[in-house]
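Each remark here refers to the structure printed beneath this line.
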Amino acid sequence: MINRILGVLVIGAATTASAGDGLSRHILERAASCWPTQTAMRGISFSADVHVSFTREGQVSAIQIVDVAPQTETFKGLAKDFADALKRCGPYVTEGMTEMNLNLSWPL
């Protein structure tokens, strides 16, 4: 249900180097393609900070949800769905980065 509905703007920065807007946009577009019903999120505001680790091949190897706002079970579930979508939609072009901190914000 609501846990399967998520659209996200991803703005990322690598932990060791800064990620360009193009890289963040690429990850956004790939992950967004895995959410089934994003249009149902109309009128809802949501944000989360997520730490993502990638393999050399661009697959997600680990995700840690650092913060979610607002702090409710529903939005924590949406952050988990974002993490699941990131895992499903790999591999990503990461330009050699193995870790990124992503700030997710809805609406786009």
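Here the structure is a predicted model, which is why all the values come from computation and not from measurement.
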Pairing residues for Thr55 by the side chain to side chain donor-acceptor pair (under 3.5 Å) criterion, not counting sequence neighbours
Glu57
Can you label the angle between the Tyr92 ring and the Phe54 ring as parallel, tilted or perpendicular, going by 30° and 60°?
perpendicular
Search all heavy atoms of Asp49 against all heavy atoms of Leu104 and return the closest pair with its distance.
N-CD1, 4.5 Å
Short question: side chain of Arg88, backbone of Cys34 - any donor-acceptor pair under 3.5 Å?
yes
Stepwise side-chain contact (heavy atoms from CB on, under 4.5 Å) test for Phe82 and Val68:
CA-CA 12 Å; Phe82 168 74; Val68 177; over 6 Å; no
Between Val52 and the options Leu86, Thr98, Ile27, the side chain to side chain contact (heavy atoms under 4.5 Å, CB included) test singles out Leu86
For residues 59-66, which side-chain donor-acceptor pairs fall under 3.5 Å, sequence neighbours excluded?
residue	atom	partner	partner atom	Å
Ser61	OG	Ser53	O	3.2

Which pair of non-hydrogen atoms, one from His51 and one from Asn101, has the smallest distance, and what is that distance?
ND1-OD1, 2.7 Å
